[in-house]
Number of protein chains: 4
Amino acid sequence: LIFKMGRKTLIGVIGPRIEKEYSSKDIENAKRIGELVAENNWILLSGGMNGGVMEAVNVGARSKKGLTLGILPNDDKSTHSKDVDIPIITNMRSGRNYMLVLSCDVVIACGMGAGTASEVSLALQAQKNIILLNDDEESKTFFKKIGGEQIHIVDNPEDAITLTKEILSND
Amino acid sequence: LIFKMGRKTLIGVIGPRIEKEYSSKDIENAKRIGELVAENNWILLSGGMNGGVMEAVNVGARSKKGLTLGILPNDDKSTHSKDVDIPIITNMRSGRNYMLVLSCDVVIACGMGAGTASEVSLALQAQKNIILLNDDEESKTFFKKIGGEQIHIVDNPEDAITLTKEILSND
Amino acid sequence: LIFKMGRKTLIGVIGPRIEKEYSSKDIENAKRIGELVAENNWILLSGGMNGGVMEAVNVGARSKKGLTLGILPNDDKSTHSKDVDIPIITNMRSGRNYMLVLSCDVVIACGMGAGTASEVSLALQAQKNIILLNDDEESKTFFKKIGGEQIHIVDNPEDAITLTKEILSND
Amino acid sequence: LIFKMGRKTLIGVIGPRIEKEYSSKDIENAKRIGELVAENNWILLSGGMNGGVMEAVNVGARSKKGLTLGILPNDDKSTHSKDVDIPIITNMRSGRNYMLVLSCDVVIACGMGAGTASEVSLALQAQKNIILLNDDEESKTFFKKIGGEQIHIVDNPEDAITLTKEILSND
């Protein structure tokens, strides 16, 4: 891993861990997003748990030698993704969802479920830009309605990254 | 105020504080729900801030001599509702949204916005029953989809209270 | 229970739950403080767990028909004191120590251990008045040194309550 | 910066930010500890604010091209140290003290004040090893009494690092 010194760019990727909440396409997208985050020398922030989208994005980032941070709900290592380089333990259960989005320069939501919905909502409150990548039409309609210009909808990982670059360059 | 000794029933009422996120009907509903919570000798839990739904529900509960608890995001008293009897200060900003729903026996959402959406989502994660009372069709469609039987939709404060009693009697 | 309407006075009583950290005198003192808090129509705030000082103070307060609030670290009811009327669930483990002291008008520490020391320290940061009642000379010397006039040292529950009244009347 | 892939070692360095709570020797020690943490390829965790020990340790680490993480109490960038590479925003005020110690493999306390005392106490609760480096005899006596073998007392930065290596090798 090689980083320039100074303030790093932190890209948060959020998404479900529970099997009934994600599709195989969500997993594929998450892995690809992780790869692209790493290739751009951004640091990946995620919920840090094993399983589902949370794990896939860390696997992707590490496969491209990215640095991965997990904002973890508990201190039970058996539930943590092995591909997290820097585990930040909060012991706050879902209270960590807020901490996760607060620290991100851009939030990318890959898939949708109750935990992800809480993170998108909290990111809206924190005035973050959020990119939605999923097949759940109801979530896109709802969040676009309450989030307006903070909500960006994309169809694939590459567009998510292009949009991330645009948002970062406007900050 | 007269209470029987022992574990109290805590009813959480959540809803927007920001003007663009609530209607006058939301305020009316919140005030009525506050009255009914007090008349049932339940303790009202809310976000505790002044303004909007958050304030109206406390005003309603106090008008019927209910006991009101606020789970507050900050320690700035000038932003707190004067109708909160017991202010619990968290200094966690929106992180308090999680604490608020965790402590409730039933959650009633009156109106809809980003903060309220985060609380509904976090309540889903915490396996709570949530009653939605608002005119925002997109939110009802979305939360019913991700929340299934935990999400209950009603048209007026009286139905919200009837349903609350049913849920409490099944616990 | 009979309360006047309006903002309540919240007295936090903190102290160890682990057996090696408290003496039988600490338990006796905690029970007596709980009784006196209730007799003064103040609301008792505590860590809310069963066992040790935390339980004793709730037992004392309830024996005099006081209202008791617990700021709880977890949602495992089997670990909670049965004498807590209003359980506020944080799911933040020891992170709840900060929430507990923030909400108090006065903090009384009965006994001493690592958890109690964290609460006294956090209460100092939050500019609270703290009354220490214990036989641990090292803790009194240390906290008096770092806390100055915020730290008050007493020898018995009655003096703790007299001092609490003085502090409240100066607020 | 060059890192090997995989789980990183996180060394927490805590200490006062307020002028009356630290000495010039504390600042010197903090800077030196920061340098040594970086030279050992460990990642530095701190409270992340500007001023005092908190800033000095980040300055030291960066001067040796270390990677620095700050667990920050707020989102007000004007109060953050410029030498933090990865700012984790909690918006929990002093509630972040708990998060900070939870994530550390070893905690080094350089100087002493109310905030530092809360972190040492919370680290004790979290079963961490804590190294104390300061001239405050009362704090060493007190924490040694309540912390036993978890508390290690040293006289200079070099000994703190030697001890850190020993603790890490025993984990």
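Heavy-atom basis, side chains included; hydrogens, waters and symmetry copies ignored. So that the names make sense, note that chain A is the first sequence line, chain B the second, and so on, each numbered from 1.
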* Could you pull out the closest heavy-atom pair between Val107(B) and Ala123(B), with the gap in Å? =>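 Scanning both residues, the minimum pair turns out to be CG2-CB, 4.3 Å.
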
* Closest contact, heavy atoms only, Cys110(B) versus Pro16(B) ->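 Smallest heavy-atom distance, with atoms named: O-CD, 3.5 Å.
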
Taking only distance into account, so ignoring hydrogens and angles, what donor-acceptor contacts under 3.5 Å exist between chain B and chain A?
| from | atom 1 | to | atom 2 | distance (Å) |
| --- | --- | --- | --- | --- |
| Ser94(B) | N | Tyr98(A) | OH | 3.4 |
| Ser94(B) | OG | Gln125(A) | OE1 | 2.9 |
| Asn97(B) | ND2 | Gln125(A) | OE1 | 3.4 |
| Tyr98(B) | OH | Ser94(A) | N | 3.4 |
| Gln125(B) | OE1 | Ser94(A) | OG | 2.9 |
| Gln125(B) | OE1 | Asn97(A) | ND2 | 3.4 |
| Asp136(B) | OD2 | Lys145(A) | NZ | 3.3 |
| Glu138(B) | OE1 | Lys145(A) | NZ | 2.9 |
| Lys145(B) | NZ | Asp136(A) | OD2 | 3.3 |
| Lys145(B) | NZ | Glu138(A) | OE1 | 2.9 |

* Applying ring pair (Phe, Tyr, Trp, His ring centres under 6.0 Å), which residue pairs with at least one partner in residues 115-149 of chain A are found, sequence neighbours left out? ->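 For residues 115-149 of chain A: Phe142(A)-Phe142(B), Phe142(A)-Phe143(B), Phe143(A)-Phe142(B).
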
Mind checking whether [X] and [Y] have side chains closer than 4.5 Å, heavy atoms only?
X         : Y         : value
Ile167(A) : Ile131(A) : yes
Ile151(A) : Val120(A) : yes
Ile88(B)  : Leu72(B)  : no

* Asked: Can you tell which of Ala126(A), Gly115(A), Gly147(A) has the highest number of heavy-atom pairs within less than 4.5 Å of chain B?
  ->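 Winner by heavy-atom pair count: Gly115(A).
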
* Checking Leu122(A) against chain B: side chain, backbone, both or neither under 4.5 Å from a heavy atom? ->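 Both parts, backbone and side chain.
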
* **Residue part contacting chain B, namely of Met92(A), when any heavy atom lies under 4.5 Å** =>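 Both parts, heavy atoms under 4.5 Å.
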
* So how far is it from Leu69(A) CG to Ile43(A) CD1, rounded to the nearest 0.5 Å? ->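 If I round to the nearest 0.5 Å, the distance is 6.5 Å.
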
